[in-house]
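Structure first, commentary second.
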Amino acid sequence: MYMEDRAMTCDEVVNGEIVEKYLLDELREETRDAFEQHYFECNRCFELLQTYRAMQAELDRTREAAVIEIPRRRWTWMWTWAPAMAVLLVAVSVGLWLRPMSDVPLPPAPQPSPAEPTRPPDQPVTAPPAVPPPAPTLAELARVDPPVYRASRLRGADEATARFEEAMAQYQKRNWAAAIPGLQAASKSDPEAAHALFFLGVSHLLTGQPRLAIAELGRTIALGESPYLEEAHFYLAKAFLQTGDIAGATKELEQTIALRGEREAEARRLMDSLARVARPGR
Amino acid sequence: MSTPLSPPDDLARVADRIRAGDRSAEDEMVRQFGERVQVFLAMRTRDRELARDLGQDVMISVLMSLRRGQLRESERLGAYVYGTARNVLNNYLRTGRRERLEPLAEDLAAEAPDQAAEFEAGQRQTLVRRGLAELSRADRGILLMTLVDGLKPGQIADRLGLTSEVVRARKSRALKRVVERINELSRNRS
């Protein structure tokens with residue numbers, strides 16, 4: 001969070017959603033002034049502001065196209081169709097009541113086919129044994145694909161951001177171990193930088209240190225809303241899987257699904273696979 | 001996409017060159033800070049025409065000060081321009097009229113920076129359009145309600161039958177995706 005007695009940093013701009021609040025004129029006067037002074041000296045944050053302004057203009061211009069598809073309430077269709085359904089139900093009931101019973105043919109009694117062996121009536125029917133696909137192993141489910149990072153190389157960043165970007169240059173070369181010290185330094189300079197904590201956790205995970213990953217991803221989640229919240233839950237599930245903690249992984253996958261984002265489908269598939277690992281043969 | 005600011009040492013040299021009477025340095029200063037000044041004034045006044053007029057006053061005032069060598073920390077030129085812009089705006093808000101500044105001999109209104117800024121704005125708008133087009137309609141709707149209508153996640157959640165946590169997460173992810181996509185597209189262009 002921005003403290004009003006000093007200059008604002010890029011991480012405070014991002015984590016505090018300062019640009020969005022500035023556009024909507026929701027900042028306190030001191031914070032607004034600090035942000036303005038900051039973007040007069042920072043390319044990255046000025047560019048971000050310009051992007052948000054362009055987004056605001058474009059969204060306003062294309063307002064008609066942004067019709068929301070999500071239903072307001074699940075059962076609203078009931079009220080639309082309820083009168084028609086009621087009329088139909090009454091008509092069918094009256095028709096059936098008026099119909100002479102003798103016209104209704106009785107269904108034929110079931111006859112065993114000649115090929116079908118007779119069995120005692122209390123014996124359950126058994127389906128032919130189906131061959132289930134082999135359940136994946138826990139190690140397979142715990143496998144991690146690194147999340148993509150797209151750098152924005154702009155000048156004018158503060159020291160924490162500079163350390164972060166240096167570390168992420170290593171990360172992009174898949175040099176996870178080399179990325180860790182820089183990410184640690186970046187998150188130490190700014191403990192509320194969700195991006196640094198998230199990629200630090202992922203780098204631990206990719207270097208086979210799931211317990212350290214659990215700590216850092218947990219800290220990312222504890223920061224609350226951030227662009228990394230959903231992915232932090234997902235990768236935390238992976239970290240739990242690497243330690244064999246299925247209950248912990250399941251809980252994190254449920255959290256991922258609840259956020260209804262890009263990882264939802266993958267998290268659901270992983271949950272299904274986990275259920276098969278937990279209950280083999282089903 | 002915006003004209004990037006030079007590093008502080010280079011800006012200090014621009015200020016020194018202006019004090020020494022180098023007119024090309026004045027153009028450089030206007031090119032580097034003109035857009036920031038316009039944005040600041042447009043955000044504060046919500047009036048583009050007024051912002052343009054006041055923006056000229058800011059630039060004239062800064063250049064006159066630099067010519068007289070009144071900038072003490074020349075590497076903090078950005079902070080100085082911002083301070084001047086605030087003073088010009090506050091004077092206008094207090095008195096309801098613009099300051100009478102002596103016009104510079106050369107016309108610093110400089111059509112060129114305006115045209116360049118408009119070209120850059122057009123480019124940015126194209127990239128933003130492409131970035132937004134890649135979002136789902138529902139996510140675009142959430143951004144519209146947030147950035148244009150100024151609704152809070154709880155209010156959007158009520159409208160959409162979602163929880164406010166889900167709205168926050170979707171908004172945050174959608175913004176991140178658009179910004180990343182724009183950065184990627186602009187890198188590919190350059």
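Side chains are part of it too, since the values below use all heavy atoms of this structure and drop only hydrogens, waters and symmetry mates. Each chain gets a letter, A, B and so on, in the order the sequences are listed, and its residues count up from 1.
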Atom group of [X] that falls short of 4.5 Å from chain A, counting heavy atoms:
{"X": "B/L132", "result": "side chain"}
{"X": "B/R86", "result": "side chain"}
{"X": "B/V167", "result": "neither"}

Worksheet item: Who wins among B/V179, B/T163, B/L11, B/V39 for the most heavy-atom pairs under 4.5 Å with chain A?
Response: B/V39
Discussion item. Heavy-atom pairs under 4.5 Å with chain A - which of B/L77, B/V178, B/L175 has more of them than the others?
Written reply: B/L175
Is the closest side-chain heavy-atom distance between [X] and [Y] below 4.5 Å?
{"X": "A/H195", "Y": "B/K176", "answer": "no"}
{"X": "A/R61", "Y": "B/R129", "answer": "yes"}
{"X": "B/D149", "Y": "A/R63", "answer": "yes"}
{"X": "A/F40", "Y": "B/F40", "answer": "yes"}
{"X": "A/F46", "Y": "B/L5", "answer": "no"}
{"X": "A/M55", "Y": "B/I182", "answer": "no"}

Side chain, backbone, both or neither: which part of [X] has an atom under 4.5 Å from a heavy atom of chain B?
{"X": "A/L23", "answer": "both"}
{"X": "A/Y22", "answer": "both"}
{"X": "A/A258", "answer": "backbone"}

Item to complete: Mark yes or no: B/R36 above the aromatic ring of A/Y39, with NZ or CZ under 6.0 Å from the six-membered ring centre and no more than 45 degrees from the axis.
Response: no
Discussion item. With a 3.5 Å distance limit and no angle check, can you tell me whether A/E41 reaches the backbone of B/G78 through a side-chain donor-acceptor pair?
Written reply: no
Worksheet item: Does A/Q37 use its side chain to pair, donor to acceptor, with the backbone of B/Y82 at less than 3.5 Å?
Response: no
Which heavy atom in [X] sits nearest to a heavy atom in [Y], and how many Å separate them?
{"X": "B/T146", "Y": "A/L24", "value": "O-CD1, 3.4 Å"}
{"X": "B/A42", "Y": "A/R53", "value": "CB-NH2, 4.1 Å"}
{"X": "B/L144", "Y": "A/L59", "value": "CD1-O, 3.4 Å"}

Discussion item. Quick check on A/D145: does its CG atom have over 12 non-hydrogen neighbours (other residues, nucleotides or ligands) under 6.0 Å away?
Written reply: no
Worksheet item: Take atom NZ in A/K251; do more than 12 heavy atoms of anything else shown fall under 6.0 Å from it?
Response: no
Worksheet, complete the sentence: Those residues of residues 43-51 of chain B that come under 4.5 Å of chain A on a heavy-atom basis, listed by number, are B/M43, B/R44, B/R46
Worksheet item: With respect to chain B, which residue among A/L49, A/L229, A/D60 yields the maximal number of heavy-atom pairs within a distance under 4.5 Å?
Response: A/D60
Worksheet item: Who among A/E20, A/Q56, A/E26, A/E36 has the most heavy-atom pairs with chain B under 4.5 Å?
Response: A/E36
Worksheet item: Checking salt bridge (Lys or Arg N to Asp or Glu O under 4.0 Å) for the pair B/K171/A/E17: CA distance, chi angles, key distance, verdict?
Response: CA-CA 11 Å; B/K171 179 197 78 176; A/E17 297 180 339; 3.6 Å; yes
Worksheet item: Charged N to carboxylate O below 4.0 Å: is that the case for A/E230 and B/R170?
Response: no
